[in-house]
S.K.: 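First the structure, then my questions, so here it is.
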Amino acid sequence: MSLNNDLSELFKNFSRLMELKGESVFKVIAFQKVSRILNDMTFDIRQAFEKGELDSIEGIGESSRRIISEFIRTGRSTEFDEVATTVPAGLLPMLDIQGLGPKTIALFWKEKGITSVDALVKAIDDGSLKGLKGVGDKKLLGIKEALERMKNASGRLRIDEAMSIATDFVERLRKLPEVAYVEYAGSLRRSRETIGDVDLICSGKSPDDGEAIAKVFTQFPEVSKILGQGTTKASILTARGFQIDIRIVPQENFGAALLYFTGSKEHNVRLRGRAIDQGMTLNEWGLYKQTDYDKAQKKTGEAPDAKPVASKTESDVYRKLGLQFIAPEMREDRGEIDAAETDTLPTLIELSDVRGDLHCHTTASDGRHTIEQMVEAAIEMGYAFLAITDHSKSQVQAHGLSVERLLAHVKAIHDVGRKYKEITLFAGCEVDILADGRLDYEDEVLAELDFIVASPHHALTQNEAKATDRIVRAIEHKYVNVIGHPTGRRVEVRAPLPLQFDRVFKAAAAAGTALEINANADRLDLNDVNARAAAQAGVKISINTDSHDIASFPDMRYGIGVARRAWLTAGDVINCMDVKALKKFIAAKR
DNA sequence: GCCGTTTTCGGCCCGACTGTTTTCAGTCG
């Protein structure tokens, strides 16, 4: 589906060129949206094009359809090329510089001929940018510092890293005597796989506590730079260059602020539009009747002087907008508002629905704990079952098991299983899916196992047809219960296998083979969009931590985060079955 | 540029903070 990605990229760049040209922000937003739609699509855009269905995709209108059609036919867009000749390509990277926006970039370009980051640095250093309207020393210094930070920046953080930073800050803020509530919001609360910055929402016990809380926050020891500080908000950078924002609001406005800063932006825009349709207005302070709000006194940093329709909790705001409560993970403008309006939101899976982990490793291959240690940790998690799935023989670097060692390992797992009555142990294996889709052991060896996860580990740069044939062949193998990390991708590190997902899902649904959401924050594979499409196609999902030690079992939370973003219910996920049902699921294929 | 169960034209979400200004534009989320 590289075509979808190419087009998504085209529209992203198109929107950025339009920003720099000073086009209407609504045009810019429209193309940004098309870029996002293409990026999230689980079918090949070419299919929609060939069926003449481009128009029926919401958000894609006349212009976008024309551009997409031309690009599919010729691999180019003359409209994009035309715009690209009027705006230097070197300006695009400048949009990533914090504090520097399209207006200023265009000013530098038109007044001083700056068309690259290098030229910008040079111009700041030799002082030639001074004297431009609205450009002072502080602004130039700010740009230089932002550039310096970009050089060292690590980019977006993985969700587990961001979570650890956020919980640490939340816990320390909670201990302050001035603080009544504090929660993390933003993309972390929505369980996105990577996090650009952490947003904290905080209420003081008294409305006057804001300034004091902001001050304490900006003086935490790991703060390396204060980006901004007021009475209701503050932003800092940690030593590693990670940004943390805090918003401080009165307790009665906490829900509205939490809602607003949880986002996503697209979700918020839809909510606000809905408020307007109903004669109300929604902002970070609350939901107000438009007439009350217009009359109200407004002072920066204070709630408007009007009685809100709702503001204390998120649920209140949703209810007054005529909507079911929408879980943070669903707030991406992917149909959740329509579903909430008609009371048809799914009952999302929760961490407490999970009864066991079906993919983990022990010292028999590359894990760090023994079977007993893993079992006891699983019991500690409250699990009813656990599958031990060490690596198969071709994973030499991970001490993959030879046939002899595998058979001995199976016996050892069964022996341990008899000792622990409170949990059911499955003697399993994570079997390699070879490049052509064959498995790493003969069928008579696989027949000795209770449970099989089959995973791709190498040959991860195959083309679409080869990769899809490979995975489908493994799906259809009668002993395979779960395809582990089906695309092999690693978050921000390695691209996924380019699978034809419609074929994969159809095969998995027909064969009764589950697809994994690997809960390791480095993998999160399947991702949210694909997991949702899989479940819609009737595929069962398995969420597993792939633990190599006992400390990794709690990573299940990140897999649950992906599942909730994928709108999954407990009924979609085999880890939520009781032991009897799970055994039936396994037996059904053999 | 996109959209429409009042609309095919005229809307489209809103506030805080900074830096540059003497009332506001730009940027950010």
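All values derive from a computational prediction rather than experimental measurement. Numbers restart at 1 for each chain; the letters A, B, ... are given by sequence-line order, proteins then strands.
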S.K.: Compute whether any side-chain donor of one residue and acceptor of the other, for A/Arg189 and A/Thr262, lie under 3.5 angstrom apart.
M.R.: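 A/Arg189 vs A/Thr262: donor-acceptor pair found between side chains.
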S.K.: Classify the nucleic acid contact of A/Leu282 as base, sugar-phosphate or nothing, counting any heavy atom under 4.0 Å across all strands shown.
M.R.: sugar-phosphate
S.K.: Check every atom of B/dA16, B/dC13, B/dG1 against the side chain of A/Lys233 and return the nucleotide holding the closest atom.
M.R.: B/dA16
S.K.: Using the C1' atom as the point on both nucleotides, what is the distance between B/dC3 and B/dT7, in whole Å?
M.R.: 10 Å
S.K.: Do A/Asn5 and A/Ser8 meet the criterion of a side-chain donor-acceptor pair at a distance under 3.5 Å?
M.R.: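 Distance-only check fails for A/Asn5 and A/Ser8.
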S.K.: Give one of base, sugar-phosphate or nothing for A/Ser64, where a contact means two heavy atoms less than 4.0 Å apart.
M.R.: sugar-phosphate
S.K.: I need the minimum non-hydrogen distance between A/Lys312 and A/Gln251, along with the two atoms involved.
M.R.: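 Here A/Lys312 and A/Gln251 meet closest at NZ-O, 3.9 Å.
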S.K.: Taking the minimum atom-to-atom distance to the side chain of A/Lys138, which one of B/dT20, B/dA16, B/dC2 wins?
M.R.: B/dT20
S.K.: Say we look at B/dC2 and B/dT8: how far apart would their C1' atoms be, to the nearest angstrom?
M.R.: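 Per the computed distance, 12 Å lies between those C1' atoms.
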S.K.: Sticking with atom P, work out how far B/dC17 lies from B/dC12, rounded to a whole angstrom.
M.R.: 25 Å
S.K.: With sugar-phosphate meaning primed atoms plus P, OP1 and OP2, does A/Asp137 contact a base, only sugar-phosphate, or nothing at under 4.0 Å between heavy atoms?
M.R.: sugar-phosphate
S.K.: Counting only heavy atoms not in A/Glu58, do more than 12 sit closer than 6.0 Å to its CD atom?
M.R.: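 For A/Glu58, atom CD is not crowded (no more than 12 foreign heavy atoms under 6.0 Å).
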S.K.: Mind checking the P distance from B/dT6 to B/dG1? Whole angstroms is fine.
M.R.: 28 Å
S.K.: Between A/Gly230 and A/Ala30, which residue's closest nucleotide on DNA chain B lies nearer the 5′ terminus?
M.R.: A/Ala30
S.K.: Give the rounded distance in Å between these two atoms: CG of A/Leu227 and P of B/dA16.
M.R.: 19 Å
S.K.: A/Ser128 and A/Asp126: side chain to side chain donor-acceptor pair (under 3.5 Å), yes or no, with the steps?
M.R.: CA-CA 6 Å; A/Ser128 60; A/Asp126 66 23; 2.8 Å; yes
S.K.: Please tell me which of the listed nucleotides, B/dC17, B/dG29, B/dG1, lies nearest to the side chain of A/Thr232?
M.R.: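 Within the option list, the nearest is B/dC17.
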S.K.: How is A/Gly59 classified with respect to the nucleic acid when contacts are heavy atoms under 4.0 Å: base, sugar-phosphate, or nothing?
M.R.: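 Answer is sugar-phosphate: A/Gly59 comes under 4.0 Å of backbone atoms only.
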S.K.: Does A/Asp528 pair with A/Arg532 as a salt bridge, N-O distance under 4.0 Å?
M.R.: no
S.K.: Just checking A/Asp197: base, sugar-phosphate only, or nothing, at a heavy-atom cut-off of under 4.0 Å?
M.R.: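 Counting heavy atoms under 4.0 Å across all strands, the contact made by A/Asp197 is with sugar-phosphate only.
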S.K.: Nearest-Å distance, CD1 (A/Ile68) to P (B/dC2)?
M.R.: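 So the two atoms are 9 Å apart, to the nearest Å.
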S.K.: From C-beta outward on A/Thr231, which listed nucleotide comes closest to its side chain: B/dG29, B/dA16, B/dC17?
M.R.: B/dC17
S.K.: With a non-hydrogen cut-off below 4.0 angstrom, is A/Phe31 in contact with a base, only sugar-phosphate, or nothing?
M.R.: sugar-phosphate
S.K.: Map A/Leu132 and A/Ser24 onto DNA chain B by nearest heavy atom, then report which one ends up closer to the 5' terminus.
M.R.: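 Closer to the 5' end of DNA chain B: A/Ser24.
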S.K.: Using the P atoms only, state how far B/dT20 lies from B/dA16, rounded to an integer number of Å.
M.R.: 22 Å
S.K.: B/dG26 and B/dT21: how far apart are their P atoms, nearest whole angstrom?
M.R.: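 These two P atoms come out 13 Å apart once rounded.
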S.K.: If I take atom NZ in residue A/Lys33 and atom P in nucleotide B/dC12, what distance separates them, rounded to the nearest angstrom?
M.R.: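 Checked: the NZ to P distance equals 15 Å.
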S.K.: Quote, to the nearest angstrom, the C1' distance that separates B/dG29 from B/dC13.
M.R.: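 So the two C1' atoms sit 12 Å from each other.
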S.K.: Which pairs count as ring-ring contact (aromatic ring centres under 6.0 Å, His included) when at least one residue sits in residues 158-198 of chain A, sequence neighbours excluded?
M.R.: A/Phe169-A/Phe217, A/Phe169-A/Phe220, A/Tyr181-A/Phe254
S.K.: Which nucleotide wins on minimum distance to the side chain of A/Ser63, given the candidates B/dA16, B/dC2, B/dG29?
M.R.: B/dC2
S.K.: Could you tell me whether A/Ile105 contacts a base, only the sugar-phosphate backbone, or nothing, with contacts defined as non-hydrogen atoms closer than 4.0 Å?
M.R.: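 The residue A/Ile105 makes no contact with any strand.
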S.K.: Select one nucleotide: of B/dC28, B/dC13, B/dC2, the one nearest the side-chain heavy atoms of A/Glu62.
M.R.: B/dC2
S.K.: Below 3.5 Å is the cut-off: list the nitrogen or oxygen pairs between protein and nucleotides 6-10 of chain B, distance only.
M.R.:
none

S.K.: Pick one: which of A/Glu332, A/Glu336, A/Glu266 meets salt bridge (charged side-chain N to carboxylate O under 4.0 Å, His left out) with A/Arg190?
M.R.: A/Glu332
S.K.: Searching all strands shown, indicate the nucleotide that pairs with B/dT8 (Watson-Crick or G-U wobble; both distances under 3.5 Å).
M.R.: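 Paired with B/dT8, as far as the under-3.5 Å criterion goes, is no nucleotide at all.
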S.K.: Could you tell me whether A/Arg319 and A/Asp316 have a side-chain N and a carboxylate O separated by less than 4.0 Å?
M.R.: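 Yes, this pair counts.
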S.K.: Would you tabulate the nitrogen or oxygen pairs shorter than 3.5 Å linking the protein to nucleotides 23-26 of chain B?
M.R.:
{"unit_1": "B/dG26", "atom_1": "O3'", "unit_2": "A/Thr104", "atom_2": "OG1", "d": "3.2"}

S.K.: Can you tell me which residue among A/Arg565, A/Arg489, A/Arg158, A/Arg156 is in a salt bridge (charged side-chain N to carboxylate O under 4.0 Å, His left out) with A/Glu193?
M.R.: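 Result: among A/Arg565, A/Arg489, A/Arg158, A/Arg156, A/Arg489 is the only option passing the salt bridge (charged side-chain N to carboxylate O under 4.0 Å, His left out) with A/Glu193.
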S.K.: If you look at every strand shown and take non-hydrogen atoms under 4.0 Å, does A/Glu23 touch a base, only sugar-phosphate, or nothing?
M.R.: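 A/Glu23: no heavy atom of the nucleic acid under 4.0 Å.
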S.K.: Measure the distance from CD on A/Glu284 to P on B/dC17 and round it to the nearest whole Å.
M.R.: 10 Å
S.K.: Give a yes or no on whether A/Lys138 atom NZ has more than 12 heavy-atom contacts from other residues, nucleotides or ligands under 6.0 Å away.
M.R.: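 No, NZ of A/Lys138 has 12 or fewer neighbouring heavy atoms, counting only those of other groups under 6.0 Å.
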